[in-house]
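Basis for what follows: all heavy atoms, side chains included, without hydrogens, waters or symmetry-related copies. Note that the structure is a prediction, hence the values are computed from the model and not measured.
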Amino acid sequence: MLSYQKPDLPIPPREVLERFDVQEPLDTRFQSCARLLQAVWRGRKGFAVGNYSRGKENVRTLGSRLDSSAARAGVNYLRPDIAKLVRRELAYRERGALIDEARAWENLLSSSALVFNLFGPMKLDLVLAKKVLKAAFGIDAKQVDAVHFETSPGRGDDAYIGDHTALDVLIAYTGKDAKSGFIGIEVKYSESRPGTATPVQERHLEVARRSKLFVDPDDNALHRAPLRQFFAEHTLCYSMVHERRHFDRGAFVIVSPTLNHEMAATIETYRRYLDPAGANFLPFGVVNLESIVAAISDAGETDLARKLDERYLDLSPVYDLIDDWEPDFNV
């Protein structure tokens, strides 16, 4: 049985955050807990702490980052075969793919690392992917054909939506009816309000208007943060089925931890702009991270599930630190 969190998230005391070099004033409650969890995990594994800076100035220690030697060794990934897969994926990335390598290797809090830790084993084992697809996503496929990372069928191509939008993960499968399908996935871990300054292209609006996915695709709220990313990815997935017909069916899904309440609120806001009838053309869904980890465990990968739980979901170390904390009064 995997361990999951208490119902309420704490606000870690400043002194505790400072002790682990993770005091970030702009963090949400979940970000603060998750960052502290990563620092504790790093310390327990004996990995050296890294630094963070904006540009070349104000370099500072940050407990949720790895030093360069540990990062190069691939310890941000839960198994050596996952780290090897990441090296290959980065080397053979799609043309135009924007991947921050420092973030992928050094940043423990990064959803980039979570993407590979969660879905990398499924690319390495398509039978596992098939089992998880059914248990967590509700799709009983005949087979999983491929798992792709940081992928887009045509960056900047007006045959799609005319910009460089990409999906974190795309799982392509063949259904029991022999039709082709996919799930386009966006993974959020500690993020609260996804932002992008990229203007919405006219081609994107043309497709969005035809799609019938949205109550009003011209609503400016969809064209700016925090909804703009979801708007683009959802429309891109639609174009893959109905504009270019690469697949017979598809879906757009966001994966996020249950306790990231800020992200949950952003997702619910996005839902309000969707036309319910649009689900007939390209369904939208939310799958919590906990259910995917549980599905991995039920599929027989109990050690991997335990490591994912320890790394990303089990906040017991954070609760223990708060329960044991006592202020130091120098009188």
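- In this structure, Glu94 contributes its side chain and Ser152 its backbone to a donor-acceptor pair below 3.5 Å.
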Can you list the steps and then say if Arg72 with Ser68 is a side chain to side chain contact (heavy atoms under 4.5 Å, CB included)? CA-CA 6 Å; Arg72 286 195 300 271; Ser68 58; 3.6 Å; yes
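- Residues in residues 282-306 take part in these ring-ring contact (aromatic ring centres under 6.0 Å, His included) pairs, two or more places apart or across chains: His234-Phe284, Phe252-Phe284, Tyr270-Phe284.
- In terms of the side chain to side chain donor-acceptor pair (under 3.5 Å) criterion, residue partners of Glu186 (sequence neighbours excluded) are, by chain and number, Lys188, Gln229.
- Looking at every heavy atom in both residues, Asp248 comes nearest to Ser180 through OD2-N, 2.9 Å.
- Residues that satisfy the side-chain contact (heavy atoms from CB on, under 4.5 Å) test with Lys134, not counting sequence neighbours, are Asp140.
- Listed for the Arg88 side chain is no donor-acceptor partner under 3.5 Å among the backbone atoms of Leu85.
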What verdict does the salt bridge (Lys or Arg N to Asp or Glu O under 4.0 Å) test give for Arg306 and Asp303, after you've listed the backbone C-alpha separation in whole Å, the side-chain angles of each residue and the deciding distance to 0.1 Å? CA-CA 5 Å; Arg306 178 188 59 77; Asp303 184 60; 2.7 Å; yes
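- Counting heavy atoms from C-beta outward, Val169 and Val147 have side chains that approach closer than 4.5 Å.
- Judged as a side-chain hydrogen bond (donor to acceptor under 3.5 Å, both in side chains), the pairs with a partner in residues 122-132 (not counting sequence neighbours) are, in order, Glu89-Lys123.
- A cation-pi geometry, defined here as NZ or CZ lying under 6.0 Å from the six-membered ring centre and within 45° of its normal, does not hold between Arg79 and Tyr77.
- Taking the ring pair (Phe, Tyr, Trp, His ring centres under 6.0 Å) definition, one finds that Phe149 meets it with Phe116, sequence neighbours left out.
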Evaluation steps, salt bridge (Lys or Arg N to Asp or Glu O under 4.0 Å), between Lys307 and Glu310: CA-CA 5 Å; Lys307 290 178 178 178; Glu310 176 190 33; over 6 Å; no
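- Proximity of Tyr189 to Pro257: side-chain heavy atoms (C-beta onward) are separated by under 4.5 Å at one or more points.
- Residues passing the side chain to side chain donor-acceptor pair (under 3.5 Å) test with Arg14 are Glu18, sequence neighbours excluded.
- Checked against ring pair (Phe, Tyr, Trp, His ring centres under 6.0 Å), Phe137 has no partners two or more places apart in sequence or in another chain.
- For His204 and Phe231, the gap between ring centers is short of 6.0 Å.
- Counting heavy-atom neighbours within 6.0 Å of Arg60 CZ, excluding the residue itself, gives a total above 12.
- Closest approach of Arg203 and Ala159 over heavy atoms only: NH2-O, 3.4 Å.
- For Phe119 and His148, the ring centers are positioned 6.0 Å apart or more.
- Not counting sequence neighbours, the partners of Ala73 by the side-chain contact (heavy atoms from CB on, under 4.5 Å) test are Val75.
- Partners of Glu262 by salt bridge (charged side-chain N to carboxylate O under 4.0 Å, His left out), not counting sequence neighbours: none found.
- Residues satisfying the salt bridge (charged side-chain N to carboxylate O under 4.0 Å, His left out) test with Arg87, not counting sequence neighbours, are none.
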From CA spacing to verdict: salt bridge (Lys or Arg N to Asp or Glu O under 4.0 Å), Asp177, Arg249: CA-CA 12 Å; Asp177 57 3; Arg249 61 171 68 95; 2.6 Å; yes
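- Every side-chain contact (heavy atoms from CB on, under 4.5 Å) that Ala39 has, sequence neighbours left out, goes to Phe20, Val22, Arg42.
- By the neighbour-count criterion of 12 heavy atoms within 6.0 Å, atom NZ of Lys212 is sparsely surrounded, having that number or fewer from other residues, nucleotides or ligands.
- Test Leu133, Val132, Val127 against Met122 for side-chain contact (heavy atoms from CB on, under 4.5 Å) and you get one pass: Val132.
- For Asn76, the side chain to side chain donor-acceptor pair (under 3.5 Å) partners at least two apart in sequence or on another chain are Arg311.
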